[in-house]
Amino acid sequence: MPELPEVETVRRGLLKIAAGRKISGIDVYYGKTITNDVEKFRQALIGQTIVTVDRRGKYLLFRFTNDLTMVSHLRMEGKYFNQPIGGPIDKHTHVVFEFTDGSELCYHDTRKFGRMTLVKTGEEMTVGGLKTIGPEPTANDFTLPYFKAILAKSRGKIKPFLLNQRHVAGLGNIYADEVLWMSKVNPEQPANSLTDQQIRDLHDNIIKELARAIEYKGTTVHSFTNAFGDAGAFQNQLNAYGHAGDPCPRCGTKMVKIKVAQRGTTFCPHCQPLEND
DNA sequence: ATGTCTGTTATAAT
DNA sequence: GATTATAACAGACA
């Protein structure tokens, strides 16, 4: 499901339904979700309290007492929700954290792509994609000179470039299409061939659009819900993603859907022409 | 039914 | 390295 705005929305929900709770038991129904030895994972966390939940890119960082951090990535369809201990466990609920207050936190993941990894706090940057993750998409961390410099070094198409989390953290398929549409950049344009204006617009739009989507509590197009089971509201703000065949909101030209790097990609052929020099 | 599609990324291959 | 294809998995849809 989630790109950065959805993960941030989940994080904020987790602060309310999980932070401050002490773990009394853990049930694991699908062991591959946990990359550690499952028994060691359980023994390390039972008795610990969730102090807070942080986020880096699309990764959630559960901070526990005893200097433990659980890195959790939801991949396509991971979800967290809470219920009273003993509530229904369906076939897609893979991990359940029981709390001493009588509630439990369930991890549900239809496609089973999501992963959790427990490390000592401070070692989270050794986990998976956090090893090479790029700057957060904020004005402070993601600077224009940095963006210019990495674009200049890449010969590949701009859309897969933006999806690569080592360049900038947080964009996924929806927001990549949105910021390219907003910036009038063709998704197949070579990264090192963008004009100065396009680079400035893209930089600006990445920062602003992700922040705006957080305000709307994320985008629900397929299955995303926050920790309370609510849909986001940003799907009504989308201009490109999901609008193939519709008129472009800017010029009225019929929007087109193609495949770029194996991902469905919607754009306006008039506003976002491929510039070949 | 069989093939195509899906908010991702680790891994292998080139 | 940088870039590209594939695998991991389940379900909805035509």
Side-chain angles (χ1 to χ4, degrees), chain A residues 1-11 29-35 55-60 71-80 90-94 107-117 126-134 137 149-180 187-192 206 209-210 212-214 216-226 230-238 240-245 257-266:
Chain A
M1 62 169 168
E3 304 178 40
L4 186 147
E6 292 76 37
V7 177
E8 176 61 19
T9 301
V10 169
R11 186 188 74 82
Y29 299 96
Y30 183 66
K32 279 179 75 175
T33 300
I34 293 161
T35 62
R55 179 189 57 73
R56 178 75 170 89
K58 304 176 193 174
Y59 293 80
L60 291 164
V71 180
S72 169
H73 197 298
L74 307 171
R75 295 286 188 95
M76 293 292 268
E77 307 212 48
K79 291 179 190 19
Y80 283 104
D90 81 9
K91 66 177 190 173
H92 299 305
T93 298
H94 303 130
Y107 177 73
H108 183 280
D109 187 347
T110 307
R111 290 176 74 181
K112 298 180 173 171
F113 287 168
R115 292 292 180 265
M116 300 173 188
T117 303
T126 65
V127 176
L130 287 174
K131 284 194 282 258
T132 54
I133 196 166
I150 59 171
L151 282 168
K153 286 189 286 190
S154 174
R155 180 91 202 92
K157 297 172 178 178
I158 185 63
K159 178 163 176 186
F161 178 94
L162 294 178
L163 292 176
N164 187 336
Q165 303 294 301
R166 64 176 65 204
H167 297 320
V168 57
L171 289 167
N173 207 36
I174 294 177
Y175 298 110
D177 277 5
E178 292 303 308
V179 298
L180 288 169
E188 299 192 285
Q189 194 71 34
N192 62 6
I206 289 168
E209 193 69 350
L210 289 174
R212 210 163 70 85
I214 291 172
Y216 280 77
K217 304 187 192 314
T219 297
T220 297
V221 297
H222 177 225
S223 65
F224 168 72
T225 56
N226 66 16
D230 305 324
F234 200 73
Q235 57 277 14
N236 305 314
Q237 304 291 313
L238 299 178
Y241 185 92
H243 289 281
K257 184 169 180 179
I258 61 172
K259 254 201 168 133
V260 180
Q262 288 80 241
R263 308 299 303 276
T265 299
T266 305

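Naming: A, B, ... by sequence-line order, numbering from 1 per chain. Keep in mind that what you see is a predicted model, and the values were worked out from it rather than measured.
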**OP:** Assign A/Arg115 to base, sugar-phosphate, or nothing according to its heavy-atom contacts below 4.0 angstrom with the strands shown.
**Re:** nothing
Original post:
Can you check whether A/Arg263 has a side-chain N or O nearer than 4.0 Å to OP1 or OP2 of B/dT8?
Top reply: yes
Original post:
Think A/Lys32 has a side-chain N or O under 4.0 angstrom from the OP1 or OP2 of C/dA8?
Top reply: no
Subject >> Nearest atoms (heavy-atom pairs only) where A/Gly264 meets A/Lys159 >> reply: O-NZ, 3.2 Å
Subject >> Out of B/dT9, C/dG11, C/dC9, whichever nucleotide has its closest atom nearest the side chain of A/Tyr59 >> reply: B/dT9
Original post:
Across the strands shown, which category fits A/Gly218 at heavy-atom distances under 4.0 angstrom: base, sugar-phosphate, nothing?
Top reply: nothing
Original post:
CD of A/Gln262 versus P of C/dA8: gap in Å, rounded?
Top reply: 16 Å
Original post:
Would you say A/Lys259 reaches B/dC5's phosphate, i.e. side-chain N/O to OP1/OP2 under 4.0 Å?
Top reply: yes
Subject >> OP1 or OP2 of B/dT4 under 4.0 Å from side-chain N/O of A/Lys257 >> reply: no
Subject >> Euclidean distance, atom CG of residue A/Asn173 to atom C1' of B/dC5 [Å, nearest integer] >> reply: 12 Å
Subject >> Closest contact, heavy atoms only, A/Glu6 versus A/Thr219 >> reply: OE2-N, 2.8 Å
**OP:** Write down the distance between NZ (A/Lys159) and C1' (C/dT4), rounded to a whole number of angstrom.
**Re:** 15 Å
Original post:
For the pair made of OH in A/Tyr175 and C1' in B/dT8, what is the distance, rounded to whole Å?
Top reply: 15 Å
**OP:** Using a cut-off of strictly less than 4.0 Å, decide whether A/Lys112 has a side-chain nitrogen or oxygen near OP1 or OP2 of C/dA10.
**Re:** yes
Original post:
Does A/Leu60 reach the side chain of A/Val10, with side-chain heavy atoms less than 4.5 Å apart?
Top reply: yes
**OP:** For A/Phe234, report the nucleic acid contact type (base, sugar-phosphate, nothing); a contact means any heavy atom under 4.0 Å.
**Re:** nothing
**OP:** Just call it for A/Lys157: base, sugar-phosphate, or nothing, with non-hydrogen atoms closer than 4.0 Å on any strand.
**Re:** nothing
Original post:
How is A/Tyr241 classified with respect to the nucleic acid when contacts are heavy atoms under 4.0 Å: base, sugar-phosphate, or nothing?
Top reply: sugar-phosphate
Original post:
Rounded to the Å, how far apart are A/Asp109 CG and B/dT6 P?
Top reply: 18 Å
Original post:
Quick one: are A/Leu4 and A/Tyr175 in side-chain contact, heavy atoms under 4.5 Å?
Top reply: no
Subject >> Contact under 4.0 Å: A/His73 side-chain N or O vs B/dT9 OP1/OP2 >> reply: yes
**OP:** Could you please name the partner base of B/dT9, counting Watson-Crick and G-U wobble pairs only when both distances are under 3.5 Å?
**Re:** C/dA7
Original post:
Does A/Gln165 have a side-chain nitrogen or oxygen under 4.0 Å from the phosphate oxygens OP1 or OP2 of B/dT9?
Top reply: yes
Original post:
Taking atom P in both C/dC9 and B/dT11, what distance in whole Å separates the two?
Top reply: 14 Å
**OP:** Could you tell me whether the phosphate oxygens of C/dA2, OP1 or OP2, come under 4.0 Å of any side-chain nitrogen or oxygen in A/Lys153?
**Re:** no
Subject >> Any donor-acceptor pair under 3.5 Å from A/Arg115 side chain to A/Lys32 backbone >> reply: yes
Original post:
Start at the 5' end of DNA chain B and walk down; is the nucleotide closest to A/Gly128 or to A/Arg111 reached first?
Top reply: A/Arg111
**OP:** Determine, stepwise, if the pair A/Asp230 / A/Lys217 fulfils side-chain contact (heavy atoms from CB on, under 4.5 Å).
**Re:** CA-CA 9 Å; A/Asp230 305 324; A/Lys217 304 187 192 314; over 6 Å; no
Original post:
In terms of the nearest nucleotide of DNA chain C, which residue is placed more toward the 5' end: A/Arg166 or A/Ala261?
Top reply: A/Arg166
**OP:** Can you tell me the distance, in whole Å, between the CZ atom of A/Phe113 and the P atom of B/dC5?
**Re:** 16 Å
Subject >> Contact under 4.0 Å: A/Thr110 side-chain N or O vs C/dC9 OP1/OP2 >> reply: no
Original post:
What's the CZ-C1' distance between A/Phe161 and C/dT4, to the nearest Å?
Top reply: 16 Å
**OP:** Determine yes or no for a side-chain-to-main-chain donor-acceptor pair under 3.5 angstrom, with A/Arg75 supplying the side chain and A/Glu77 the backbone.
**Re:** no
**OP:** Give the rounded distance in Å between these two atoms: OH of A/Tyr30 and C1' of C/dA10.
**Re:** 11 Å
